Amino acid sequence: MKMSRQRIVAGNWKMNKTYEEGRALVKDIVGQLQPSEILVVLCPPFLHLNSISGQIKDVRSLKLGAQNCHQEGAGAYTGEVSAAMLQSVGVEYVILGHSERREYFGETDELIAKKIDATLKEGLRPIYCCGEKLDVREAGGHLDLVAAQIKTALFHLSAADFEKVVIAYEPVWAIGTGKTATSQQAQEMHVHIRSLIASKYDQQVAGLTSILYGGSCNPSNAKELFSQPDVDGGLIGGASLKAGDFVAIVNSF
């Protein structure tokens, strides 16, 4: 079943890299990346999108992603960017619900559900992030929390729309901390997520849904994480800012 799903490595640059630094990083990634069936999605800050779109247009395995978008199509929302704007510069994927958006900007799953709808309306594919904080994990509530997140943000979608969604499980306690969920912990949660999808839709939809792991994934642990049958790739933070590390993670399948 795993081979029927798209394997994906997405790089979330977060708020890093000036314009010229971003162009240099992409040039290095393109130079080191070998042709493969792994889909690589670069998710830089907004200012880089148009430039990088031009840099990667001839690289089949490279796609462009954004880190967020607004839930409305247009209007008086100073400082925001719409899904239609993203689509107009070649964006194909959008990270939504990242733990940092939840923590620092108060985003809820109800709001994220609206953003999911906005991206799908413009033909973009959401990378929906879910995951628990350490206190929830230690209290044994991680499975229930992730189930609630997914049901609220995604389960209003038709099966046809849901099939366009990529899910990224990111244990919040492992993001940027150097701590990583064990491969067994990651597999357990990914199986749980896939079973939720199967119960809402069916086994075929669940079997075709790419579920990524995000949380201090690096060249030294990626191979073991990606070897798990229900881990279909990674949402990479810090390691995506160094071309050699990022390409090494892509080559870990």
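Predicted model only: the values in this text are computed from it and were never measured. Atom set for the values below is all heavy atoms of this structure, side chains included, hydrogens, waters and symmetry mates excluded.
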Q.
Assess whether a salt bridge exists between Arg60 and Glu37, defined as any Lys/Arg side-chain N lying under 4.0 Å from an Asp/Glu carboxylate O.
A. yes
Q: Kindly say whether the aromatic ring centers of Tyr213 and Phe226 come within a distance under 6.0 Å.
A: no
Q. Under 4.0 Å between a Lys/Arg side-chain N and an Asp/Glu carboxylate O for Glu163 and Arg125?
A. no
Q. Would you call the rings of Tyr169 and His190 parallel, tilted or perpendicular if under 30° counts as parallel and over 60° as perpendicular?
A. perpendicular
Q.
Is it the case that the side chain of Asp202 and the backbone of Val205 share a donor-acceptor pair, with hydrogens and angles ignored and the cut-off at 3.5 Å?
A. yes
For residues 70-77, which side-chain N or O atoms pair as donor and acceptor with protein atoms under 3.5 Å away, sequence neighbours left out?
{"unit_1": "His70", "atom_1": "ND1", "unit_2": "Glu72", "atom_2": "N", "d": "3.0"}

**Q.** side-chain contact (heavy atoms from CB on, under 4.5 Å) evaluation trace for Cys130 with Ile167
**A.** CA-CA 8 Å; Cys130 55; Ile167 294 177; 4.0 Å; yes
Q. Is Arg102 paired with Glu107 through a side-chain N to carboxylate O contact shorter than 4.0 Å?
A. no
Q) Rounded to the nearest 0.5 Å, how far does NZ of Lys223 lie from CZ of Phe253? A) 10.5 Å
Q | hydrophobic_cluster_shared for Leu235 and Ile29, side chain cutoff 4.5 Å | A | no
Q: Mark yes or no for whether Glu170, through its side chain, and Ser99, through its backbone, hold a donor-acceptor pair below 3.5 Å.
A: yes
Q: Using modelled atom types only, decide if a donor and an acceptor are shared between the side chain of Thr152 and the backbone of Ala148 within a distance under 3.5 Å.
A: yes
Q.
Let me confirm one number: the CZ-CG distance from Arg101 to Asn68, rounded to the nearest 0.5 Å.
A. 4.0 Å
Q | Inter-residue atom distance Asn16.CG - Leu241.CG, 0.5 Å rounding | A | 5.0 Å
Q) So if you build clusters from Ile, Leu, Val, Met, Phe, Trp, Tyr with side-chain heavy-atom gaps below 4.5 Å, do Val9 and Val91 land together? A) yes
Q) Under the side-chain contact (heavy atoms from CB on, under 4.5 Å) criterion, do Thr18 and Glu21 qualify, and how do the steps go? A) CA-CA 5 Å; Thr18 65; Glu21 289 170 346; 3.2 Å; yes
Q. Side chains of Leu42 and Leu62: closer than 4.5 Å at any heavy-atom pair?
A. yes
Q | For the student: nearest non-hydrogen atoms of Ala181 and Ala174, plus distance | A | N-CB, 4.2 Å
(Q) Using a strict threshold of under 4.0 Å (side-chain N to carboxylate O), is an ion pair present between Lys242 and Asp28? (A) no
Q: Show your reasoning for whether side-chain contact (heavy atoms from CB on, under 4.5 Å) applies to His142 and Met189.
A: CA-CA 9 Å; His142 49 293; Met189 183 61 81; 3.9 Å; yes
Q) Between the main-chain N or O of Ala248 and the side-chain N or O of Asp245, is there a donor-acceptor pair closer than 3.5 Å? A) no
**Q.** Single-linkage hydrophobic cluster, 4.5 Å side-chain cutoff, Val41 and Ile236 together
**A.** no
Q.
Quick one: does any side-chain atom of Ser53 pair with a main-chain N or O of Val89 as donor and acceptor, under 3.5 Å?
A. yes
Q: Search all heavy atoms of Gly65 against all heavy atoms of Leu49 and return the closest pair with its distance.
A: O-CD2, 3.5 Å
(Q) When you compare the side chain of Cys69 with that of Thr119, does any pair of heavy atoms fall below 4.5 Å? (A) yes
Q.
Just so I know, are the side chains of Tyr128 and Val166 near enough to count as touching, which here means a heavy-atom distance under 4.5 Å?
A. no
(Q) What I'd like to find out is whether the side chain of Tyr201 reaches to under 4.5 Å of the side chain of Leu157, using heavy atoms alone. (A) yes
Q.
Under the criterion side-chain contact (heavy atoms from CB on, under 4.5 Å), I'd like the reasoning laid out for Phe246 against Leu33: C-alpha separation, chi angles, the key distance, then a yes or no.
A. CA-CA 9 Å; Phe246 187 60; Leu33 204 59; over 6 Å; no
**Q.** Under 3.5 Å donor-acceptor, Glu224 side chain and Asn221 backbone
**A.** no
Q: Give the intermediate values and the outcome of side-chain hydrogen bond (donor to acceptor under 3.5 Å, both in side chains) for residues Asp230 and Gln187.
A: CA-CA 6 Å; Asp230 286 279; Gln187 170 65 10; 2.8 Å; yes
Q. Parallel, tilted or perpendicular for Trp13 and His48, by the 30°/60° rule?
A. perpendicular
**Q.** Heavy-atom pair with the smallest gap, counting every atom of His192 and Ala147
**A.** NE2-CB, 3.9 Å
Q: Taking all heavy atoms of Ser240 and all of Leu25, pick out the closest pair and write down the distance.
A: O-CD2, 3.7 Å
Q) Salt bridge or not for Glu100 and Lys14, using N-O below 4.0 Å? A) yes
Q) Cluster question for you: counting only ILVMFWY and a side-chain heavy-atom cut-off of under 4.5 Å, with indirect links fine, are Leu39 and Ile211 together? A) no
Q: Inspect the contact between Asp232 and Arg194 and indicate whether a charged nitrogen and a carboxylate oxygen are less than 4.0 angstrom apart.
A: yes
Q: Report the C-alpha separation of Glu138 and Trp173 in whole Å, then their side-chain angles, then the decisive distance to 0.1 Å, and conclude whether the side-chain hydrogen bond (donor to acceptor under 3.5 Å, both in side chains) test is met.
A: CA-CA 11 Å; Glu138 291 179 338; Trp173 47 272; over 6 Å; no
Q | Spacing of Thr182 atom OG1 and Glu188 atom CD [to the nearest 0.5 Å] | A | 8.5 Å
Q. Taking the side chain as C-beta and beyond, is there a heavy-atom pair between Ile193 and Val146 under 4.5 Å?
A. yes
Q: Might you point out which heavy atoms bring Ala118 and Ala83 nearest each other, and give the distance in Å?
A: O-CB, 3.6 Å
Q: Show the numbers, then the answer: is there a salt bridge (Lys or Arg N to Asp or Glu O under 4.0 Å) between Glu103 and Lys133?
A: CA-CA 11 Å; Glu103 179 74 16; Lys133 293 184 176 181; 2.8 Å; yes
Q. Can you hop from Ile112 to Leu86 via hydrophobic side chains spaced under 4.5 Å?
A. yes
Q.
Quick check: do Val165 and Thr209 have side-chain heavy atoms less than 4.5 Å from each other?
A. no
Q) Has the side chain of Ser210 got a donor or acceptor atom that lies under 3.5 Å from a matching backbone atom of Gln6? A) yes
Q) So, for Ala239 and Cys217, which heavy atoms are closest and what is the spacing to 0.1 Å? A) CB-O, 3.9 Å
Q: Indicate yes or no: does Lys164 engage Asp161 in a salt bridge with an N to O separation below 4.0 Å.
A: yes
(Q) What's the separation between atom CG in Asn50 and atom CG in Leu64, rounded to the nearest 0.5 Å? (A) 9.0 Å
Q: Please examine the side chains of Ser216 and Ile175, heavy atoms only from C-beta on, and report whether any two atoms are closer than 4.5 Å.
A: no
Q: Please confirm whether the backbone N or O of Gly131 pairs with a side-chain atom of Gln149, one donor and one acceptor, at under 3.5 Å?
A: yes
Q | Interatomic distance, Lys121 atom NZ to Ser82 atom OG [nearest 0.5 angstrom] | A | 10.5 Å
Q) Sub-3.5 Å donor-acceptor pair from the side chain of Gln87 to the main-chain atoms of Leu124, do we have one? A) no
Q. So do the side chains of Ile197 and Lys200 get within less than 4.5 Å of each other, counting heavy atoms only?
A. no
